[in-house]
Peer 1: 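Structure incoming, see below.
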Amino acid sequence: MAYGFTTAAYVVAAVLFILSLGGLSGQESAKRAIWYGIAGMALAVVATLFGPASGNWFLSVIMIAIGGTAGWLIAKRVQMTEMPQLVAAMHSLVGLAAVFVGFNAQIELARVLRARAEGLAIDFTGFAGVLMHKTQAEINVLKIEVFLGVFIGAVTFTGSVVAFGKLSGRVDGKPKKLPLGHALNAGALAAAFLFGALYLAGFGPGILWLMLIAGLAFFIGWHLIMGIGGADMPVVVSMLNSYSGWAAAAIGFTLGNDLLIVTGALVGSSGAILSYIMCKAMNRHFVSVILGGFGGEAGPAALIEGEQIAIDADGVAAALNDADSVVIVPGYGMAVAQAQAAVSELTRKLRAAGKEVRFAIHPVAGRLPGHMNVLLAEAKVPYDIVLEMDEINDDFPSTDVVIVIGSNDIVNPAAQDDPNSPIAGMPVLEVWRAKQVFVSKRGQGTGYSGIENPLFFKENTRMFYGDAKDSINKLIPMLD
Amino acid sequence: MKIGALRESYEGEARVAVTPSSATHLQKLGHEVVIEQGAGARAGFSDEEYRRSGVTVVPTAAELIGQADVVAKVRQPTEAELRQMRAGQTVISFFYPAQNAELLALAKEQGVTAIAMDMVPRISRAQKMDALSSMANIAGYRAVIEAANNFGRFFTGQVTAAGKVPPAKVLVVGAGVAGLAAIGASVSLGAQVHAFDVRPEVAEQIESMGAEFVFLEFDQPVQDGAATGGYAAPSSPEFREKQLAKFRELAPQMDIVITTALIPGRDAPVLWTRDMVEAMKPGSVIVDLAAEKGGNCELTVPDERIVTENGVTIIGYTDFPSRMAAQASELYGNNIRHFLFDLTPKKDGVIAHNMEDDVIRGATVAHDHDITWPPPPPKVAAIAAQKPKEKKRELTVEERRAAEAVAFQGETRRQVALLAGGGALLLLIGLVAPVSFMSHFIVFVLACFVGFRVIWNVAHSLHTPLMAITNAISSIIILGALIQVGSGSAWVTILGALAVLMASVNIFGGFLVTRRMLAMFQKS
């Protein structure tokens, strides 16, 4: 088949990808959008496999079959609560693939250059054939692209591995840094650029420099994400998502493949926007999230007076039986306790009793953008009663009962009242304005950010201690 | 140590500083308790009862002062009593150091340590010894009882066979401890209660007691009467005007008016003027709890009950707590014993007068031949400072338009600057980069642009699926690996094959997971 046909297939694939992302603007159209994405990907792969530039397609098909089966199995088995870890793990694969492709480009380049220098008229096929016809200026640009692809890919790889470890609890979620902190990162970055310059100048064996660069980038990715606390993981995951896109785009330049460029740019900008939205929802600057830890505190946080008053299931059930409108605020704790099915059952029962039940989702609830929506959807909570913060925040004063399940910082009134609080200015769900608030919580500890929550001490708040799933399950039979 | 309670020498004072029950507690602290003969008689505690609680009864005041290390009283000590005291002795009572400078000087001269129960700081820890509050509580309750006693009708509303009884309308001015107690008592008698206070933050407390808060409306925000330490501060003239106008409007409707407005260290503000009294219905009752400080009502005569020409009864008693001497003594006795508990940290009957302690320091007005009043501000703020709440001002149409125009201009400027900067950058790159690169670069820039436009529209709830699908799509990098895998070099083939493997895990995994997620979203 001719180049023209492959390119045409790429154009169609690019359009399909754009439609696929655009289709995510609504739940219903999203179901169609996914098929656009699958079709685009299939088309691109098939067109490449049978296109003129393809190489060892037999090996490729075997590899795709193995990888595809593995991916299929993982996706089938994964729990919805493990989604953040899965996404992070997948990013790491893209990053590492980008590093390998970058290495390959250099190996091929070296081979082609050697042949050219020796004046051999070998008839290179595939990628090497493309390289054969490049001018010196083009080769320089190519080297920059390889450098960027390898560097970003490597950062994405180790960063995602660490993010995966933190999200799955295999690595301690607390921010950790080596003694020199960011100076170390800056040093590694400077060294990487120095090696990049040497690589560009053609000084010594190129592949060596690339490996050194990749090593430094591996270190940066690891160290950078280690220094970021677990609560900031939504931003980190979307940032890594963005990086994996940019890495793909850089490789696309290297290979002169427009589809790679388009797709990489789409993914890159998508991740960038998600990171921006997450940061905004936490009222943090992107830079301060990436540099890790909460920003400097302006002064001592206000002391909280009063005490946390506990309540048992009977009390909560009585209040729910009396209530007309109920709002449920889920958080990461619900995901940890796997309580979404119980919550869904509770919702069903309350709705059957003619009560208005709604869910309030904070943009950073959970460990991944939209984490709660996915969990609730899994438990078959209808999505039209699941509302965003802005949609529901004004309704709290007219709400009879709010049940907070395993969330803490996103319902912390200190963000509004206490200018010295580390989360001051962060938009929060104003649950304390409701007539009564029940907080389902495992114990008296603080949340992920380690900040005391004055909500728990308010007069209209009662603490419903215990595992979220057990607590909610205890409630269900008590409702009439 | 010996704690002694004197018989109150003040005319008509029926309370006593130590009761049989508080004496028992004091003995547990290791103290010995003595009282003057007949000290508790008027509060209903006989000498015999005291003796049963292990208290020694001494016949005269002089003997008691001679024996005791700590003299407990209700009213401030008289000059004669102070003169009998010796250096190092302690007297605990109400003292009002601001009004009793000579007495303070005398205490200093005698070397007597004077602890003023009225100076106990208003912090949470000291609530149990806050005698002002416990007495105010009694005064508020008693005020309602006095009012009811002088009111010829029911407090509660009833519909009976013999006719309908309207509920009494009660206005409580000043919602401090006494005011709130009065509200509580009136509400439980069945009256309709309205209450006013210059501190807007107590509206919630008033409403929690079952009364209606009387709001004042202002065109502009004014300084309200809230001050530090939970007490009221003098209000501005215009605020006062508003307040009086509101009272004038309420006066004809009210059956009972209970005024409790006091400002620390000042005469009571006049809030219920002659014309308001004249506007009231015959048979109405005014109870002025501020009578001792001149009264909130213009016509109040301290310590007297008077009836005006139009038949309004004005009660100006200043001894409401003393009128409930048994209860008042019980509570005051407890306040005293709590204070002594703090003074006796080791419970060994030895008093350690720790001047570092906020509460002890605050209440001690004379110590060791020195006047220690006024105390330095306590280290703990009485009430957490209220953060000023910013109110968003409603913008007029013009202002809004102007703001919009400014925002629009700013945005235009930003966009133009971005475009110019971006364009210049592109041109610069174009100068050095080869043509083949530029053609790809255009595609890249356009794709970023499209990406930004498209992603902004993605529904918030679909961010996780978005992440998963972009993750799958970013595996497009497989194309690069596919192209390279056919190369002649073995290394390249191996690396390429691995890259294909990883990317295809991602493609299948990513799409499948996204599908699983999307399939779950369903409408109700």
Side-chain angles (χ1 to χ4, degrees), chain A residues 17 21-22 24-25 27 30-31 34 37-38 48 53 55-56 59-60 63-64 67-68 70-72 74-75 87 90 93-94 97-98 100-101 104 107 126-127 137-138 141 241 244-245 248 251 253 255 258 260-263 265-267 269-270 273 368-370 373-374 377-378 382-384 388, chain B residues 387 433-434 436-437 440 443-444 447-448 450-452 454-455 457-464 466-467 469-471 473-474 476-477 479-487 489 491-492 495-509 511-515 517-518 520-521 523-524:
Chain A
F17 286 154
L21 295 188
L24 287 175
S25 52
Q27 273 94 345
K31 287 171 187 167
I34 176 86
I38 293 173
T48 312
N56 192 342
L59 180 63
S60 305
M63 282 300 169
I64 292 175
W72 185 272
I74 294 169
V87 171
M90 285 181 159
L93 293 180
V94 177
F100 285 175
V101 174
N104 278 349
I107 296 171
F127 178 56
E138 284 177 328
V141 171
N241 183 24
S244 69
I251 296 297
F253 277 110
L255 305 177
D258 281 336
L260 268 180
I261 297 175
V262 170
T263 315
L266 282 177
V267 174
S269 41
S270 149
I273 289 173
L368 193 70
N373 299 82
V374 169
E378 185 202 13
Y383 62 74
D384 44 0
E388 280 177 52
Chain B
K387 308 284 173 321
S436 61
F437 173 77
H440 290 310
V443 173
F444 174 72
C448 285
V450 171
F452 274 100
V454 168
I455 304 300
N457 293 328
V458 170
H460 173 218
S461 58
L462 291 174
H463 278 169
T464 296
L466 172 70
M467 201 96 96
I469 204 171
T470 51
N471 183 46
I473 289 179
S474 68
I476 193 74
I477 202 153
L479 296 194
L482 285 178
I483 293 171
Q484 290 171 338
V485 98
S487 152
S489 158
W491 271 112
V492 174
L495 286 180
L498 284 178
V500 170
L501 182 73
M502 289 187 293
S504 44
V505 169
N506 232 358
I507 294 176
F508 282 81
F511 278 124
L512 192 69
V513 153
T514 318
R515 259 203 59 209
M517 279 192 269
L518 289 176
M520 293 178 319
F521 283 93
K523 258 191 176 147
S524 57

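In what follows, chains are A, B, ... by sequence order, proteins preceding strands, each numbered from 1.
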Peer 1: Search all heavy atoms of B:Phe444 against all heavy atoms of A:Phe253 and return the closest pair with its distance.
Peer 2: CB-CZ, 3.5 Å
Peer 1: Given the options B:Ile476, B:Leu498, B:Thr514, B:Val443, which has more heavy-atom pairs under 4.5 Å with chain A than any of the others?
Peer 2: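 Heavy-atom pairs under 4.5 Å are most numerous for B:Ile476.
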Peer 1: Out of A:Ala248, A:Ala70, A:Gly68, A:Ala265, return the one with the most heavy atom pairs under 4.5 angstrom to chain B.
Peer 2: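 Heavy-atom pairs under 4.5 Å are most numerous for A:Gly68.
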Peer 1: Start with the C-alpha distance between B:Ile469 and A:Leu24, add both sets of side-chain angles, then the distance that settles side-chain contact (heavy atoms from CB on, under 4.5 Å), and finish with yes or no.
Peer 2: CA-CA 10 Å; B:Ile469 204 171; A:Leu24 287 175; 3.8 Å; yes
Peer 1: So, for B:Arg515 and A:Ile34, which heavy atoms are closest and what is the spacing to 0.1 Å?
Peer 2: CG-CG1, 3.5 Å
Peer 1: I'd like to know which of A:Ile251, A:Leu260, A:Leu266 tops the heavy-atom pair count under 4.5 Å against chain B.
Peer 2: A:Leu260
Peer 1: CD1/B:Ile483 to OG/A:Ser60 distance, rounded to the nearest 0.5 angstrom?
Peer 2: 10.5 Å
Peer 1: As an exercise: rank B:Leu479, B:Val454, B:Val450 by heavy-atom pairs under 4.5 Å with chain A and give me the winner.
Peer 2: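 Heavy-atom pair counts peak at B:Leu479.
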Peer 1: Can you name the closest pair of heavy atoms from A:Ser244 and B:Ser474 and give their distance?
Peer 2: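 Closest approach of A:Ser244 to B:Ser474: OG-OG, 3.8 Å.
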Peer 1: Are A:Val94 and B:Asn506 close enough, and set up right, to give a side-chain contact (heavy atoms from CB on, under 4.5 Å), and what steps lead you there?
Peer 2: CA-CA 8 Å; A:Val94 177; B:Asn506 232 358; 2.6 Å; yes
Peer 1: Among A:Leu93, A:Asn241, A:Ile273, A:Val141, which residue has the highest count of heavy-atom pairs closer than 4.5 Å to chain B?
Peer 2: A:Ile273
Peer 1: As a quick check of understanding, evaluate side-chain contact (heavy atoms from CB on, under 4.5 Å) for A:Leu21 and B:Thr470, giving each step before the final call.
Peer 2: CA-CA 8 Å; A:Leu21 295 188; B:Thr470 51; 3.8 Å; yes
Peer 1: Counting heavy-atom pairs closer than 4.5 Å to chain A, which one of B:Ala503, B:Ala481, B:Ala499 comes out on top?
Peer 2: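 Option with the greatest count: B:Ala499.
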Peer 1: Mind listing the closest non-hydrogen atom pair of A:Ala97 and B:Ile477 along with its distance?
Peer 2: CB-CG2, 3.9 Å
Peer 1: Side chain, backbone, both or neither: which part of A:Val101 has a non-hydrogen atom closer than 4.5 Å to chain B?
Peer 2: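 For A:Val101, heavy atoms of backbone and side chain both lie under 4.5 Å from chain B.
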Peer 1: Report the distance from atom CZ of B:Phe511 to atom CH2 of A:Trp72, rounding to the nearest 0.5 Å.
Peer 2: 12.5 Å
Peer 1: How would you list, by chain and number, every residue that makes a side-chain hydrogen bond (donor to acceptor under 3.5 Å, both in side chains) with A:Thr263, sequence neighbours excluded?
Peer 2: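 Residues passing side-chain hydrogen bond (donor to acceptor under 3.5 Å, both in side chains) with A:Thr263: none at all.
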Peer 1: Any idea which heavy atoms bring B:Ser504 and A:Ile64 closest together, and the distance?
Peer 2: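 Looking at all heavy atoms of both residues, the closest pair is OG-CA, 3.6 Å.
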Peer 1: Applying side-chain contact (heavy atoms from CB on, under 4.5 Å) to B:Phe508 and A:Ile74, what does each step give before you reach the verdict?
Peer 2: CA-CA 9 Å; B:Phe508 282 81; A:Ile74 294 169; over 6 Å; no
Peer 1: Please flag which part of B:Leu466 lies under 4.5 Å from any non-hydrogen atom of chain A: side chain, backbone, both or neither.
Peer 2: both
Peer 1: Under 4.5 Å, counting heavy-atom pairs only, tell me which of A:Ile107, A:Leu59, A:Asp258 racks up the most with chain B.
Peer 2: A:Asp258
Peer 1: Shortest non-hydrogen contact from B:Leu462 to A:Ala30?
Peer 2: CD1-CB, 4.0 Å
Peer 1: List the residues meeting side-chain hydrogen bond (donor to acceptor under 3.5 Å, both in side chains) with B:His463, not counting sequence neighbours, and say none if there are none.
Peer 2: none
